[in-house]
Amino acid sequence: MAYVDEVIAKVIEKNPGQPEFHQTIREVLESIRPVIEENEDEYRKLALLERLTEPERQVKFRVPWTDDNGQVHVNCGYRVQFNSAIGPYKGGLRFHPSVNIGILKFLGFEQIFKNSLTGLPIGGGKGGSDFDPKGKSDAEVMRFCQSFMTELFRHIGPDTDVPAGDIGVGGREIGYLYGQYKRLTNSYQSVLTGKGLTFGGSLARTEATGYGLLYFTRALLKRNGIDLKDKIVDVSGAGNVAIYAIEKAYQLGAKPVTCSDSTGWVYDPEGIDVNALKEIKEVQRGRLTEYKKYRPNSEYHEGRGVWQIKCDIALPCATQNEVGIEDAKQLVANGCAALCEGANMPCTLEATKYLMDNHVIFGPAKAANAGGVATSALEMTQNHERLAWTFEEVDNKLCQIMENIVENIDSAAKRYGKEGDYVAGANIAGFLKVLDAMMAQGIV
Ligand code: GLU
């Protein structure tokens, strides 16, 4: 049996009940098959893929906290430190009821290759909790964050592991987490990114994932002879990634017409009002049902349905596996030219295959949404220099990084005979650097 197939089978057997982790393992290992086959015997002997697919360290801990009525609750906290071959572990914290070790292993594994693609020296990690910040008061969120950091602080550090935000962890949560880290360690270190601007945060970090997604999409389309200008864009999600993807889509001359949250979705034929969206989501922390008050001509629907709206470009920015095979069929039937993933692994393997088989230009998450973590690495650099760059400086670097990623994934795909297959291109380009570092560092 080929070494890649052996390891896929082993990982599935050793990690039961972790379907999302199996999904990313299949996708990545299938893609890097041509690289592994160049040196299969040596890699097997060195257990390279077994080491790549086993996190270097995983911590799981109890997070007790008290609600505003004096009731005590207990959540699970986690940090998966997956791979530090090319730099300290780096990756977000997700607070969402769906969080479990399998989800975090999938996210941490993806993060290794994403971080490598940025060209910056950061390894892969991910963490979080099954805590749900929705409906909690600020004081409850603060107490939860303080309790979470009271354990996490001993596992992280500016040269060890630098967490950031993800779903359910934004500026508010990072502020509370950072305050507690500082109190516990009596030091002012670059140990979290996505910080507020008054305490070491970087300009453009808030916007970075969404803006980066659009810089990536524009460059990928250009490479395929298509201009982003005047294109109709379907966006899903209404969180940090979606909001700034919508904002940048306008700035680059496209027209975003949809967004969604966990209860429903909006179609605004005149284009999504990004200021209304920011007011609802960032200020009021409300639901999209409010959107119609700002835009009476828009439509609100319960459930999910964004992908039935005819578009040129699809940007899923909500969560994993939100685009299934039926959605992919609908997008193809409506003439969608390209899909770039703003969320982490929003397309199922079946949907991805269908889109690619039907010549939809496909920009995979680990390349398309790498702008967030890339700007986190720029935040770390500014912290270490004890300097703050201007918005333009950071934004220009972000744009350059995203354009480099497009160039690299395109040439990696071509080099391995897979022209236009950017999934393979991203996995191969991300893997090659990690491979080189792992080989050089011996059996660790
Ligand atoms: N959670 C984001 C991601 O999925 C950002 C991570 C970071 O900035 O460290 O890449």
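Read the numbers this way: they start at 1 and go in the same order the structure lists the ligands and their atoms.
Between Lys195 and Glu379, at least one side-chain N (NZ, or NE/NH1/NH2) sits under 4.0 Å from a carboxylate O, which counts as a salt bridge.
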Show the short N or O contacts, below 3.5 Å, that ligand 1 makes with protein N or O atoms; if there are none, say 'none'.
residue, atom, partner, partner atom, Å
ligand 1, 1 (N), Lys126, NZ, 3.4
ligand 1, 1 (N), Gly165, O, 2.9
ligand 1, 1 (N), Asp166, OD1, 2.8
ligand 1, 4 (O), Lys114, NZ, 3.0
ligand 1, 4 (O), Lys126, NZ, 3.1
ligand 1, 4 (O), Asn344, ND2, 3.1
ligand 1, 8 (O), Arg205, NH2, 3.0
ligand 1, 8 (O), Ser376, OG, 2.6
ligand 1, 9 (O), Lys90, NZ, 2.7
ligand 1, 10 (O), Gln111, NE2, 3.1
ligand 1, 10 (O), Lys114, NZ, 2.8

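In this structure, Lys182 forms no cation-pi arrangement with Phe199, as its terminal cationic atom is not both closer than 6.0 Å to the ring centre and no more than 45° off the ring axis. Relative to the ring axis of Trp389, Lys397 places its NZ or CZ within 45° and under 6.0 Å from the centre.
When ring centroids are compared, Phe144 and Phe95 come within the 6.0 Å threshold. Here the two rings, on Tyr267 and Tyr291, have centers that are 6.0 Å apart or farther.
A donor and an acceptor atom, one from each side chain of Glu27 and Asn427, are located under 3.5 Å apart.
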